[in-house]
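The structure appears right after this line, and notes come after that.
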Number of protein chains: 2
Amino acid sequence: MTTVKDTQGRDSDALPNPSAVGLVAVIVAATDGEPRALTVQVDGQAAGRSVGLPAGPLVPEHPTLERGLRAWVERQTHQRLGYVEQLYTFGDRDRQGDEAHGLHSLSVAYLALVREVRPAGLAEASWRNWYRYLPWEDFREGRPAALSEIERKLLAWAGETGDAKLKRRREDRLSLTFGLCDGAWNEERVLERYELLFEAGLIPEARGQSGAASPADIAVTGQPMAFDHRRVLATAIGRLRGKIKYRPVVFELMPPTFTLFQLQRTVEALSGTNLHKQNFRRLVAQQGLVEETDGVTSGATGRPARLVRFRREVLLERPAPGFRLRPAKRPV
Amino acid sequence: MTTVKDTQGRDSDALPNPSAVGLVAVIVAATDGEPRALTVQVDGQAAGRSVGLPAGPLVPEHPTLERGLRAWVERQTHQRLGYVEQLYTFGDRDRQGDEAHGLHSLSVAYLALVREVRPAGLAEASWRNWYRYLPWEDFREGRPAALSEIERKLLAWAGETGDAKLKRRREDRLSLTFGLCDGAWNEERVLERYELLFEAGLIPEARGQSGAASPADIAVTGQPMAFDHRRVLATAIGRLRGKIKYRPVVFELMPPTFTLFQLQRTVEALSGTNLHKQNFRRLVAQQGLVEETDGVTSGATGRPARLVRFRREVLLERPAPGFRLRPAKRPV
DNA sequence: CTCACTTATGCTCAAAGTGAGCATTGTGCC
DNA sequence: GGCACAATGCTCACTTTGAGCATAAGTGAG
């Protein structure tokens with residue numbers, strides 16, 4: 001169903017207008033402090049089977065793209081989608097692993113957040129820790145080991161050009177996205193980092209060899225995915241990391257009741273960084289995002305934690321904590 | 001070129017995959033403190049000619065959607081596009097003014113910021129103040145007059161349903177997006193407000209009569225546009241209003257040198273609100289966004305202002321002022 | 001039963017960041 | 001010179017943050 005076979009030759013008479021349009025979904029869950037994405041097996045052409053994101057053709061029966069996606073995913077995975085948001089529309093001709101599908105010239109990507117993690121009804125689907133595909137993005141255990149090697153290779157790539165101006169530009173991008181000099185790592189620039197690695201030829205998918213990476217390479221630049229799906233995943237992570245800062249979307253990933261620390265672990269899992277515990281709970285408290293329940297945790301070591309639940313009302317009260325740019329009282 | 005004729009019947013054998021894809025561009029400039037969008041004349045079917053956004057078919061020759069759009073717009077309008085960003089992909093079957101085009105089932109919208117405002121080479125193109133189409137979004141002269149009437153009509157719409165639960169929900173959305181009760185107007189919710197008006201039947205386009213609005217209606221709910229282009233415009237404004245808060249994109253709209261007050265006027269034009277002058281300049285100064293030039297303004301009344309220019313370097317230095325969610329020093 | 005250990009939760013404090021407004025400085029104009 | 005006007009400088013109270021210390025309340029070992 002979601003496997004794609006290279007039935008049609010590409011370069012077919014595709015010049016006139018009609019383009020094939022596909023949908024891709026990044027379905028995210030977070031359990032036990034691990035950020036996970038739903039993946040499926042894809043029948044590859046050259047390198048055998050590989051892993052990709054759930055994808056399918058656009059279904060034109062539905063009134064809305066989003067509703068179509070919702071219905072499609074819920075039917076196939078028996079996963080109820082909570083939050084759904086359009087991510088981006090990818091249309092590069094030279095990406096997407098042409099030889100693999102030859103069909104879609106455009107794919108509309110969606111991000112979905114789900115609450116429960118069932119084994120997923122979709123055949124050959126499974127949940128995978130998303131850092132498996134982008135290992136350099138996880139700073140929770142300190143600076144990722146892979147980063148040193150990545151930086152070395154990227155600097156080499158920047159240096160290998162003769163053009164001094166181009167070299168300078170590459171180095172600038174590098175230090176900007178990977179925070180080389182000033183050490184300012186911006187966790188939202190996931191896509192920019194991935195694209196840089198792609199351009200530098202460190203991503204096997206770029207060479208059309210999704211499956212053909214050595215274990216050593218995988219440890220550094222991560223597990224490849226089918227087509228261009230790692231790019232889609234990178235886009236999703238970047239977007240989500242940005243969003244959690246100003247919209248209460250994390251709660252879509254939480255069970256009905258949870259502890260503040262579980263909430264913190266989830267935010268940390270998504271953002272790939274660690275947070276100051278006391279300040280985190282202060283933030284949550286004073287924003288009025290949760291309310292206490294009677295329950296407490298038990299069994300585990302340490303003092304039991306109070307269980308809280310998300311206050312759905314904040315979606316109405318708080319017109320999305322809009323920072324910056326406060327208007328003045330009177331007109332000029 | 002950009003006019004669309006209803007050549008093909010819709011409901012054609014459109015069930016199989018191939019869908020027609022179109023591009024739409026919201027090209028924004030700001031001159032004399034007015035926010036402007038580039039519009040073109042559209043050959044309407046029923047209501048005669050009307051105004052719409054530049055749009056055209058997807059050109060598959062280009063490697064990237066964005067590059068395709070860039071080339072296409074620059075060729076047609078002789079406008080050099082500075083900043084370009086993908087906005088959203090619209091795919092509703094029941095919107096987009098079906099009867100008008102019957103062709104596109106999907107359109108990819110882009111936002112572009114341009115610096116110079118020439119009369120535009122595109123035939124029958126012209127710059128229009130964007131509040132002409134969304135008059136309730138401009139708070140610079142105080143609360144827009146149209147808002148009272150809009151609220152009255154929206155409340156009536158909420159009340160006209162028998163279902164108490166639905167009524168409640170409508171009222172919630174209403175007070176959330178229009179900030180009825182708490183008076184918390186969030187200037188970013190442009191699209192949500194437009195959609196609410198659309199659902200409430202206050203947008204003529206919903207009834208397929210783009211041109212058939214009375215002057216009184218236009219004063220309240222704004223000038224209609226062809227197809228679903230007002231929705232695209234609303235999306236663009238909302239996005240831009242959000243973006244200027246955390247990325248230095250306003251400068252794409254400014255001339256090479258400008259005064260801090262001109263900058264403020266531009267930001268105000270986009271956001272539709274007024275800002276505190278002294279605090280605004282303090283913000284700009286301490287962020288190091290601009291550097292002084294030797295020039296000063298002259299001629300006008302009052303003390304001359306120093307001319308400044310955008311410090312392009314900040315694009316490298318400042319990894320996009322990321323607020324909130326500061327990481328802790330050590331792992332756990 | 002008490003101690004060691006672990007996690008939850010309360011509270012403080014200094015440093016920045018913000019909102020609002022007063023005061024002063026240059027210019028053109030009469 | 002005096003006035004109106006806009007630019008620019010500066011103050012001040014008030015919040016919001018970053019960081020850490022201290023205390024509370026469980027578990028398991030002895």
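Reckoned from all heavy atoms, side chains included, excluding hydrogens, waters and symmetry mates. Note that this is a predicted model, so its numbers are computed, not measured. Chain naming here is simple, since letters A, B, ... match the order of the sequence lines and numbering starts at 1 in each.
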(request) Just name whichever nucleotide pairs with C:dG26, Watson-Crick or G-U, keeping both distances under 3.5 Å, else none. (result) D:dC5

(message) We want to know whether A:Q86 and A:Y110 form a side-chain donor-acceptor pair, criterion being a heavy-atom distance below 3.5 angstrom.
(response) yes

(request) Report yes or no: do A:E192 and A:Y194 form a side-chain donor-acceptor pair below 3.5 Å? (result) no

From the options [options], select the nucleotide whose nearest atom is closest to the side chain of [X].
{"X": "A:T301", "options": "C:dC22, C:dA8, C:dT6", "result": "C:dT6"}
{"X": "A:H276", "options": "D:dG20, D:dA7, C:dT9", "result": "D:dG20"}
{"X": "A:Q278", "options": "C:dG26, C:dC11, C:dG21", "result": "C:dC11"}

(request) Map B:P304 and B:R282 onto DNA chain D by nearest heavy atom, then report which one ends up closer to the 5' terminus. (result) B:P304

(request) Give, for atom CG of A:L196 and atom CZ of A:R170, the distance between the pair rounded to the nearest 0.5 Å. (result) 9.0 Å

(message) Which label fits A:F251 and A:F258: parallel for a plane angle under 30°, tilted from 30 to 60°, or perpendicular past 60°?
(response) tilted

Given atom [atom1] of [X] and atom [atom2] of [N], what is their separation to the nearest angstrom?
{"X": "B:L260", "N": "D:dT8", "atom1": "CG", "atom2": "P", "value": "6 Å"}
{"X": "A:N279", "N": "C:dT9", "atom1": "CG", "atom2": "P", "value": "15 Å"}
{"X": "A:K277", "N": "D:dG18", "atom1": "NZ", "atom2": "P", "value": "18 Å"}
{"X": "A:R281", "N": "D:dA22", "atom1": "CZ", "atom2": "P", "value": "19 Å"}
{"X": "B:F280", "N": "D:dC10", "atom1": "CZ", "atom2": "P", "value": "20 Å"}
{"X": "A:Q286", "N": "D:dG18", "atom1": "CD", "atom2": "C1'", "value": "13 Å"}
{"X": "B:R306", "N": "D:dG9", "atom1": "CZ", "atom2": "C1'", "value": "14 Å"}
{"X": "B:E292", "N": "D:dT8", "atom1": "CD", "atom2": "C1'", "value": "11 Å"}

(request) Examine D:dA24: is either OP1 or OP2 under 4.0 Å from a nitrogen or oxygen in the side chain of A:R303? Give yes or no. (result) no

(message) Whether A:R143 engages the ring of A:W136 as a cation-pi pair (distance to the six-membered ring centre under 6.0 angstrom, angle to the ring normal within 45°) should be assessed.
(response) no

